[in-house]
Student: 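What follows is a structure written as structure tokens; I'll ask about it next.
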Amino acid sequence: MTNFIQELTWRGMLHNVMPGTEDQLNQELTTAYLGIDPTADSLHIGHLVGIMMLKHLQNAGHKPVALLGGATGMIGDPSGKSQERNLLSEQELRYNQEAIRKQLSKFLDFDSDAPNKAILVNNYDWMSTFSFLDFIRDIGKHITVNYMMAKDSVKKRIASEEEGGAEGMSFTEFTYQLVQGYDFLHLYKTHGCKLQLGGSDQWGNITTGTEMIRRMEGGKAYAVTCPLLTKSDGGKFGKTEKGNIWLDAEKTSPYTFYQFWINADDKDAERFIKIFTTFTHEHIAELIAKHAEAPHFRLLQKTLAQELTTLVHGEERFNFAIEASQILFGKGTKETLEKLSDADFNAIFADVPQYQVEKSKFDAGVPVLDLLAVETDMLKSKAEARRLVQGNGLSINQEKYSNVEGLITKDQLLNGKYLLIKNGKKYSVITILES
RNA sequence: GGGGGGAUUCCAGAGCGGCCAAAUGGGGCAGACUGUAAAUCUGUUGGUUUUCACCUUCGGAGGUUCGAAUCCUCCUCCCCCCA
């Protein structure tokens, strides 16, 4: 059995740990929970760090609890300086919960008979029937405002108001830490949960929980946080220009998901592989060494992408993502394109801008420049299109096209339906409409 | 209140009344190189156009002139100095 704290430490996933936590973990099978916002019907990779903490925890023989913040998600955590949230209907909430459970089960063991199998709970179940009066009487009494005010997340919001900056902090948000703290207390009482995991921004909220357990139950509970994940270029982890990378294949195609990991730069890949895989210390050291020998093979990125894409989307989708990548970045030729079925073609180019042109236009052939700038608004003007073609920047169906006066005819259509246009490094697809 | 300087194409910043669609740098976009990276080098960077050429653009409105981003008048907005 591995030592959870040591495991997190070498993986670079340990930010802060409450004294005594390691002893607690060594002493008995410990139940630990992590909160997840159920605001959508899918997790995105920003959630993944937390989930991996649970996974490493489970691998270390302890029992993970994933807590969906059905109740807390309605309030909005002030430490994320997020806007106030919208209320989810219970129906939406349950739907999201089921979808998220499915995704979580790819990472965690929910179904075996093991004593440390994971469970999923939703704080809506115990918070929704808790009356305001009961809450302030039973819970609020035990925590002083002075204590709550001392939290960084609260201080920051109040200070920013005094500077005339933000719009202050609502009472609802102020209460957030009590609600989250109560979750911990509740799980402590009902599941014997003694440890809460979270991002480093959660420390303040977690300690409110341990404080409640101490004051109200005379119990001892612990906290472990991990650093917030950053990218070495300073960008936000898990975000692309197009938004979040979701685990749901409908929201983010497996190809895009795969590409996200492939595109990690070397520095990040090294950190990520420690965080997002369960490979051993030795195996990872070996991978890093191999990568350093031949960085252009990008072994780390490929391994990382393979592990996660396979885990989340399955082997078949992973293979397809590779195939798609080769077509887009490798030596994909016109021949390989022609071999693709419509379904595959659409899947590969699903994330690429689409344009439509009527088929009849091709009867006489369409001048390239018109195709780019008139029939579609791919380029702003014919002058720009001309520059592109003259600059050798245009490919049609993966073949360089440099004839400014050229006509595009029916013969060039892939499967009689598509044109794959490559403008520099950017792809676009023109779909031919039957008319 | 007095005096002075400025507003230029995405940004910064040149620009003798004709040779200015406007130097140069940055950024953008392409090409080469490369690891779907970084750096570097090359080309390009208002529109129509094969070329010639034409059209729209230099804070706004007028004017002088064969001709104005460049001269004059008024207006708007910025900056600096002295009180």
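Letters A, B, ... mirror the listed sequences (proteins, then strands); counts begin at 1.
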Student: A:His191: which residues meet the ring-ring contact (aromatic ring centres under 6.0 Å, His included) condition with it, sequence neighbours left out?
Tutor: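 By the ring-ring contact (aromatic ring centres under 6.0 Å, His included) rule, A:His191 matches no residue at all.
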Student: Nearest-Å distance, CD (A:Glu405) to P (B:U51)?
Tutor: 10 Å
Student: Can you give one letter per nucleotide of nucleotides 41-48 of chain B, 5' to 3': B if a protein heavy atom sits under 4.0 Å from the base, S if only from the sugar-phosphate, - if neither?
Tutor: ---SS-SS
Student: What orientation do A:Phe272 and A:Phe276 show, parallel under 30°, tilted 30 to 60°, or perpendicular over 60°?
Tutor: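 A:Phe272 vs A:Phe276 ring planes: perpendicular.
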Student: Look at the aromatic rings of A:Trp261 and A:Phe257 and report parallel, tilted or perpendicular, splitting at 30° and 60°.
Tutor: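 Answer is perpendicular, since the angle exceeds 60°.
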Student: By the definition side-chain contact (heavy atoms from CB on, under 4.5 Å), identify the one residue from A:Leu48, A:Val312, A:Asn244, A:Leu104 that meets it with A:Leu43.
Tutor: A:Leu104
Student: Got a sec, which pairs hit side chain to side chain donor-acceptor pair (under 3.5 Å) with one end in residues 293-314 of chain A, sequence neighbours left out?
Tutor: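 Listed once each, the pairs are A:Asp266-A:Gln301.
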Student: Among residues at least two apart in sequence or on other chains, which ones pass side chain to side chain donor-acceptor pair (under 3.5 Å) with A:Thr210?
Tutor: none
Student: Output all residues satisfying ring-ring contact (aromatic ring centres under 6.0 Å, His included) with A:Phe184, sequence neighbours left out; order by chain, then residue number.
Tutor: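 In terms of ring-ring contact (aromatic ring centres under 6.0 Å, His included), with neighbours along the sequence ignored, A:Phe184 is linked to A:Tyr33.
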Student: Can you list, pair by pair, the side-chain donor-acceptor contacts under 3.5 Å of residues 95-102 of chain A, counting residues two or more places apart and other chains?
Tutor:
residue, atom, partner, partner atom, Å
A:Asn96, OD1, A:Asp41, N, 3.4
A:Asn96, ND2, A:Pro38, O, 3.0
A:Gln97, OE1, A:Arg94, NH1, 3.0
A:Gln97, OE1, A:Asn122, ND2, 2.9

Student: Rounded to whole Å, how long is the line connecting atom CD1 of A:Ile421 with atom P of B:A30?
Tutor: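 To the nearest whole Å, that distance equals 15 Å.
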Student: Reading nucleotides 32-39 of chain B 5' to 3', which nucleotides get B (base under 4.0 Å from a protein heavy atom), which S (sugar-phosphate only), which -?
Tutor: ---BB---
Student: Mind checking the C1' distance from B:A23 to B:G13? Whole angstroms is fine.
Tutor: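 It comes out at 10 Å once rounded to the nearest Å.
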Student: If we take the P atom in both B:G60 and B:U9, what is their distance in whole Å?
Tutor: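 Each nucleotide's P atom is 10 Å from the other's.
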Student: Considering only the C1' atoms, how many Å lie between B:A69 and B:G17, rounded to the nearest integer?
Tutor: 11 Å
Student: Between the protein and nucleotides 22-27 of chain B, which nitrogen or oxygen pairs come in under 3.5 angstrom?
Tutor:
none

Student: Could you tell me whether A:Lys426 contacts a base, only the sugar-phosphate backbone, or nothing, with contacts defined as non-hydrogen atoms closer than 4.0 Å?
Tutor: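 If one applies the 4.0 Å heavy-atom cut-off, A:Lys426 turns out to touch the sugar-phosphate alone, with no base involved.
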Student: Rounding to the closest angstrom, what is the interatomic distance between B:C71 and B:U8 at atom P?
Tutor: 16 Å
Student: If a pair satisfies salt bridge (charged side-chain N to carboxylate O under 4.0 Å, His left out) and one of its residues is in residues 365-381 of chain A, list it, with sequence neighbours excluded.
Tutor: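 Listed by first then second residue: A:Lys361-A:Glu375, A:Asp370-A:Lys382.
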Student: Output all residues satisfying side-chain contact (heavy atoms from CB on, under 4.5 Å) with A:Ala40, sequence neighbours left out; order by chain, then residue number.
Tutor: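 With sequence neighbours excluded, A:Ala40 shows a side-chain contact (heavy atoms from CB on, under 4.5 Å) to A:Trp246, given in chain and number order.
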Student: Could you write out RNA chain B as a dot-bracket string, with dots for unpaired bases, | for bases paired across to another strand, and Watson-Crick or G-U pairs counted at under 3.5 Å?
Tutor: (((((((..(((.....[.....)))((((((.......))))))(((....)))...(((((..]....)))))))))))).
Student: When you compare B:U24 with B:G31, how far apart are their P atoms, in angstrom units rounded to a whole number?
Tutor: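 Each nucleotide's P atom is 24 Å from the other's.
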Student: Please state whether the rings of A:Tyr427 and A:Phe349 are parallel, tilted or perpendicular, taking 30° and 60° as the class boundaries.
Tutor: tilted
Student: Examine distances only and state if a side-chain atom of A:Gln180 and a backbone atom of A:Gly209 form a donor-acceptor pair shorter than 3.5 Å.
Tutor: no
Student: Please measure how far the P atom in B:C74 lies from the corresponding atom in B:C79, and state the result in whole Å.
Tutor: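 Roughly 23 Å separates the two P atoms.
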Student: Name each donor-acceptor pair under 3.5 Å that joins a side chain in residues 10-17 of chain A to protein atoms two or more places apart or in another chain, with its distance.
Tutor:
residue, atom, partner, partner atom, Å
A:Trp10, NE1, A:Glu7, OE1, 3.4
A:Arg11, NE, A:Glu7, OE2, 3.0
A:Arg11, NH1, A:Lys274, O, 2.7
A:Arg11, NH1, A:Thr277, O, 2.9
A:Arg11, NH2, A:Glu7, OE2, 2.8
A:Arg11, NH2, A:Phe279, O, 2.8

Student: Can you check the distance between B:U70 and B:A83, where both ends of the measurement are the C1' atom (answer in whole Å)?
Tutor: 36 Å
Student: Let's go through A:Ile421 and A:Met378 carefully: what are the C-alpha distance in whole Å and the side-chain angles of both, what is the deciding distance for side chain to side chain contact (heavy atoms under 4.5 Å, CB included) to 0.1 Å, and is it a yes or a no?
Tutor: CA-CA 10 Å; A:Ile421 306 294; A:Met378 205 177 295; 3.7 Å; yes
Student: Using the C1' atoms only, state how far B:A30 lies from B:A68, rounded to an integer number of Å.
Tutor: 36 Å
